[in-house]
Amino acid sequence: MRRLILPFIPRWVSPNYVTIARLISIPFVIWFLLQKNYAVGIPLFIISAFTDALDGSIARVRNRITRWGTFYDPVADKLLIGSAVLIVVATHLSAWFAAIILLMEALIAVGGYVYRREGKMQSANAWGKAKMFAQFCGITLLLLAIAGNFSALIPVAAAALAVGVLLAVISLFTYGL
């Protein structure tokens, strides 16, 4: 990101602006996925998920980490992933699997809230980033399987999401608890 993308992002762009853009995009992602308009919904989901890596990179590389960002960036991530899990995973894989993913996200959020209440500013760790990437891959593959009727991708998507759950457990113990 530092060498490939950030040079093209103007210095005035705050990581918080990127997080706000993600928060604004989430209702549109939800709408298009619910309407089964995958031609718009899938690229919009991918772009929205990409902004997670972008805002974090801007914050770290340009030394613009803020208290607001450390709170709302994970909120935006959980809203994006959680809504996609409810719309796609619960419907096309398993409601129980979706519930496990959402439970892990909720536990991590509660752990982050406790840290924040204690006055600690907790940035995302590598396990959380890997979890988000696995979830992104799993949801994207599942969306592509549904949109293109590629049933062979469904087990791969489920495996990526299972890896995401495993990484969520590790993240919970390294970040949230």
Side-chain angles (χ1 to χ4, degrees), residues 1-33 40-87 101-141 143 160-161 163-177:
M1 288 289 266
R2 177 189 299 256
R3 292 198 170 107
L4 292 177
I5 308 253
L6 290 187
F8 299 103
I9 306 296
R11 304 280 302 159
W12 60 264
V13 173
S14 162
N16 292 345
Y17 295 163
V18 179
T19 300
I20 290 167
R22 183 165 62 257
L23 285 165
I24 291 169
S25 75
I26 293 169
F28 295 99
V29 171
I30 293 169
W31 172 257
F32 286 110
L33 293 182
V40 176
I42 293 171
L44 191 54
F45 173 77
I46 291 169
I47 291 166
S48 295
F50 175 73
T51 64
D52 176 45
L54 183 61
D55 64 8
S57 293
I58 293 171
R60 282 185 302 280
V61 170
R62 296 182 180 170
N63 197 26
R64 297 185 65 189
I65 297 171
T66 65
R67 192 161 171 78
W68 188 92
T70 59
F71 180 78
Y72 284 102
D73 176 60
V75 168
D77 297 342
K78 282 159 188 32
L79 288 173
L80 178 64
I81 294 298
S83 58
V85 164
L86 285 172
I87 294 167
I101 294 168
L102 295 173
L103 175 65
M104 294 307 302
E105 290 297 312
L107 290 172
I108 291 169
V110 168
Y113 173 76
V114 169
Y115 268 112
R116 189 174 177 86
R117 256 185 94 194
E118 293 173 353
K120 300 174 185 172
M121 199 156 101
Q122 184 85 352
S123 295
N125 64 26
W127 297 108
K129 292 175 191 175
K131 171 196 64 81
M132 175 66 178
F133 183 72
Q135 291 171 332
F136 160 76
C137 289
I139 292 168
T140 301
L141 288 169
L143 285 168
L161 289 166
V163 167
V165 169
L166 175 64
L167 292 168
V169 171
I170 296 169
S171 178
L172 179 64
F173 286 103
T174 59
Y175 170 81
L177 289 180

| message | To check you understand the geometry: which heavy-atom pair defines the closest contact between Pro74 and Gly69, and what is its length? | response | CD-O, 3.8 Å
| So, for Ala134 and Val163, which heavy atoms are closest and what is the spacing to 0.1 Å? | CB-CG1, 4.2 Å
| message | Working note: Trp68 + Ile20, criterion side-chain contact (heavy atoms from CB on, under 4.5 Å); need CA distance, chi angles, decisive distance, verdict. | response | CA-CA 11 Å; Trp68 188 92; Ile20 290 167; 3.6 Å; yes
| Is a side-chain N or O of Arg60 found less than 3.5 angstrom from the main chain of Gly56, in a donor-acceptor match? | yes
| field | Point-to-point distance, once rounded to the nearest 0.5 Å, from CG of Leu103 to CD1 of Ile108 | value | 10.0 Å
| task | Could you give me the CA-CA distance, side-chain angles and deciding distance for Ile81 and Phe45, then say whether side-chain contact (heavy atoms from CB on, under 4.5 Å) is met? | result | CA-CA 9 Å; Ile81 294 298; Phe45 173 77; 4.3 Å; yes
Name the atoms and distances for all side-chain donor-acceptor pairs under 3.5 Å in residues 3-18, with sequence neighbours left out.
| residue | atom | partner | partner atom | Å |
| --- | --- | --- | --- | --- |
| Ser14 | OG | Asn16 | N | 3.0 |
| Asn16 | OD1 | Thr66 | OG1 | 3.3 |
| Asn16 | ND2 | Thr66 | OG1 | 3.2 |

| said: As an exercise, state the distance from CZ of Phe136 to CG of Leu80, rounded to the nearest 0.5 Å. | reply: 9.5 Å
| Which pairs, with at least one residue in residues 102-115 and sequence neighbours excluded, count as a salt bridge (Lys or Arg N to Asp or Glu O under 4.0 Å)? | Lys78-Glu105, Glu105-Lys131
| field | 4.5 Å side-chain heavy-atom contact, Val29 and Leu33 | value | yes
| query | Would Asp73 and Arg22 satisfy side-chain contact (heavy atoms from CB on, under 4.5 Å), going step by step from the backbone distance to the final call? | reply | CA-CA 9 Å; Asp73 176 60; Arg22 183 165 62 257; 2.3 Å; yes
| message | Rounded to the nearest 0.5 Å, what separates atom CD1 in Ile46 from atom CG in Leu143? | response | 8.0 Å
| said: Between Ile26 and Ser48, is there a side-chain heavy-atom distance shorter than 4.5 Å? | reply: no
| field | From SG (Cys137) to CE (Met132), nearest 0.5 Å | value | 10.5 Å
| message | If I compare all heavy atoms of Thr19 with all of Ala76, which pair ends up nearest, and what's the gap? | response | CG2-CB, 4.2 Å
| Looking at Asp52 and Lys129, does any basic side-chain N land under 4.0 Å from a carboxylate oxygen? | no
| request: Dump the intermediate steps for side-chain contact (heavy atoms from CB on, under 4.5 Å) on Ile47 and Ser25, then the final yes or no. | output: CA-CA 9 Å; Ile47 291 166; Ser25 75; over 6 Å; no
| query | Is the CZ atom of Phe32 crowded by more than 12 outside heavy atoms at less than 6.0 Å? | reply | yes
| Roughly how far, to the nearest 0.5 Å, is the OG1 atom of Thr140 from the CD1 atom of Ile42? | 8.0 Å
| field | Rounded distance [0.5 Å steps], CZ in Phe50 versus CE in Met1 | value | 4.0 Å
